[in-house]
Asks: 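First the structure, which I've put down as structure tokens, then a few questions once you've had a look.
Note that the structure is a prediction, hence the values are computed from the model and not measured. This chain uses plain numbering: 1 for the first residue, then up along the sequence.
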Amino acid sequence: MRRNGPTKTSELLQEREAPLATPTDLTRSATKDIAGAMNAILADVFALYVKTKNFHWHMSGPHFRDYHLLLDEQGEQLFAMTDPIAERIRKIGGPTLKSIGHISRTQRVLDNDAEYVEPLDMIAELAEDNKTLATRLREAHNVCDEHRDVATASLIELWIDETERRTWFLSEIKRGRQ
């Protein structure tokens, strides 16, 4: 087995420390700002996905089937956002989240580890989390607009629409309890 010499080891270490070399016409500053905003969104989407699935798995009560299916559908929609977000970050030359720990340090969506949550409390919490996600998506859109990143902004516009739809459905369910 051949060992790397000190020169080769030094080259490998430099490559590991080198910034990502993805071709883009965005400035380094733009890439940093957009990647930062989108990694925060990615962490929030992962956290909201897990919370949605948690509530899906622990749903109970007279509307179990309807709520269970709705949360399953919403969870699938959230999970489907994760890869396009991460790939967009990479397309512009930014680094993405690397681990569960990285997600937990970055997420702004609060976890719910309660042993039991009333079904309508689950619905209300998810409605609020989705509403907040829409606000944060708009904030990320503003960062993209500032740097003229129309491609990321275009994706965000679709995700805002999906997020508002989830918020609407959940809000209609909880309407009777307000």
Side-chain angles (χ1 to χ4, degrees), residues 4-55 73-113 125-171:
N4 291 331
T7 303
K8 184 65 174 174
T9 301
S10 175
E11 289 172 10
L12 290 172
L13 287 173
Q14 284 178 349
E15 280 182 33
R16 189 174 5 170
E17 299 301 319
L20 300 170
T22 303
T24 181
D25 65 338
L26 295 171
T27 65
R28 279 185 187 249
S29 175
T31 296
K32 182 180 178 193
D33 291 350
I34 295 164
M38 294 310 294
N39 270 311
I41 294 293
L42 183 58
D44 286 344
V45 170
F46 269 123
L48 187 52
Y49 165 74
V50 170
K51 182 186 273 189
T52 301
K53 291 305 283 190
N54 170 31
F55 289 169
E73 176 186 307
Q74 291 192 356
E76 287 174 10
Q77 192 177 69
L78 287 160
F79 188 72
M81 291 170 66
T82 60
D83 198 49
I85 293 170
E87 288 184 356
R88 184 65 200 152
I89 294 166
R90 290 293 293 120
K91 284 178 193 174
I92 65 168
T96 60
L97 299 174
K98 307 230 180 340
S99 66
I100 299 286
H102 197 173
I103 292 168
S104 72
R105 289 187 304 274
T106 308
Q107 77 185 64
R108 299 163 294 183
V109 172
L110 297 177
D111 293 331
N112 186 326
D113 297 331
E125 191 170 331
L126 291 174
E128 192 58 37
D129 287 341
N130 276 281
K131 183 179 172 187
T132 301
L133 179 61
T135 298
R136 291 180 176 146
L137 284 163
R138 283 184 177 82
E139 291 166 357
H141 193 286
N142 289 341
V143 172
C144 295
D145 287 348
E146 179 183 327
H147 295 291
R148 299 182 48 214
D149 180 5
V150 296
T152 305
S154 174
L155 292 170
I156 290 171
E157 290 166 5
L158 296 172
W159 296 325
I160 289 171
D161 185 58
E162 290 175 358
T163 301
E164 288 177 335
R165 184 173 195 267
R166 287 190 306 272
T167 304
W168 172 42
F169 275 46
L170 294 164
S171 295

Asks: Mind listing the side-chain donor-acceptor pairs of residues 34-43 below 3.5 Å, one per line with the distance, residues two or more places apart or on another chain?
Replies:
residue: Asn39; atom: OD1; partner: Leu97; partner atom: N; Å: 3.1
residue: Asn39; atom: ND2; partner: Ala35; partner atom: O; Å: 3.1
residue: Asn39; atom: ND2; partner: Pro95; partner atom: O; Å: 2.7

Asks: Do you know which of Leu137, Val109, Val50, Ile85 makes side-chain contact (heavy atoms from CB on, under 4.5 Å) with Val45?
Replies: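 Per the side-chain contact (heavy atoms from CB on, under 4.5 Å) rule, the option paired with Val45 is Ile85, out of Leu137, Val109, Val50, Ile85.
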Asks: Nearest 0.5 Å, please: how far is NZ in Lys131 from OG1 in Thr163?
Replies: 14.0 Å
Asks: Just wondering, are more than 12 heavy atoms of other shown residues or ligands nearer than 6.0 Å to NZ in Lys53?
Replies: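 Yes.
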Asks: Rounded at 0.5 Å granularity, tell me how far OG1 in Thr135 sits from CG in Asn130.
Replies: 11.0 Å
Asks: Is there a donor-acceptor pair under 3.5 Å between the side chain of Thr52 and the backbone N or O of Leu48?
Replies: yes
Asks: Which residue pairs satisfy the salt bridge (charged side-chain N to carboxylate O under 4.0 Å, His left out) criterion with at least one member in residues 75-86, sequence neighbours excluded?
Replies: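 Every candidate salt bridge (charged side-chain N to carboxylate O under 4.0 Å, His left out) pair involving residues 75-86 fails, so no pair, neighbours aside, qualifies.
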Asks: Between Phe79 and Phe46, how do the two ring planes meet: parallel, tilted or perpendicular, split at 30° and 60°?
Replies: perpendicular
Asks: Is there a side-chain contact between Thr82 and Tyr49 (heavy atoms, below 4.5 Å)?
Replies: no
Asks: Taking side-chain contact (heavy atoms from CB on, under 4.5 Å) as the definition, give me every residue that meets it alongside Thr31, ordered by chain and number, with sequence neighbours left out.
Replies: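 Thr31 satisfies side-chain contact (heavy atoms from CB on, under 4.5 Å) with Thr24, Leu26, Ile92 only.
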Asks: Considering residues at least two apart in sequence or located in another chain, which fulfil the side-chain contact (heavy atoms from CB on, under 4.5 Å) criterion with Ser99?
Replies: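 Counting only residues at least two positions away or on another chain, Ser99 forms a side-chain contact (heavy atoms from CB on, under 4.5 Å) with His102.
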Asks: Pairs in or reaching into residues 137-161: which pass salt bridge (charged side-chain N to carboxylate O under 4.0 Å, His left out), with residues at least two apart or in two chains?
Replies: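 Only Arg88-Asp149, Arg138-Glu164 qualify under salt bridge (charged side-chain N to carboxylate O under 4.0 Å, His left out).
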Asks: Could you tell me the separation between the NZ atom of Lys98 and the CD1 atom of Ile103, rounded to the nearest 0.5 Å?
Replies: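 Taking NZ in Lys98 and CD1 in Ile103, the distance rounds to 11.5 Å.
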Asks: What closest approach, in Å, do Cys144 and Ile156 show between heavy atoms, and which atom pair accounts for it?
Replies: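 Scanning both residues completely, I find the closest heavy atoms to be SG-CD1, 3.9 Å.
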Asks: His147 versus Thr152: any side-chain heavy-atom pair under 4.5 Å?
Replies: no
Asks: Is the CZ atom of Arg165 crowded by more than 12 outside heavy atoms at less than 6.0 Å?
Replies: no
Asks: How long is the span from the CZ atom in Arg166 to the CG atom in Leu78, to the nearest 0.5 Å?
Replies: 4.0 Å
Asks: For Lys51, give me all partners under salt bridge (Lys or Arg N to Asp or Glu O under 4.0 Å), at least two apart in sequence or on another chain.
Replies: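 Lys51 satisfies salt bridge (Lys or Arg N to Asp or Glu O under 4.0 Å) with Glu125, Asp129 once adjacent residues are dropped.
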Asks: Quick one: OG1 on Thr167 to CG on Leu133, what's the gap to the nearest 0.5 Å?
Replies: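 Thr167 atom OG1 to Leu133 atom CG measures 8.0 Å (nearest 0.5 Å).
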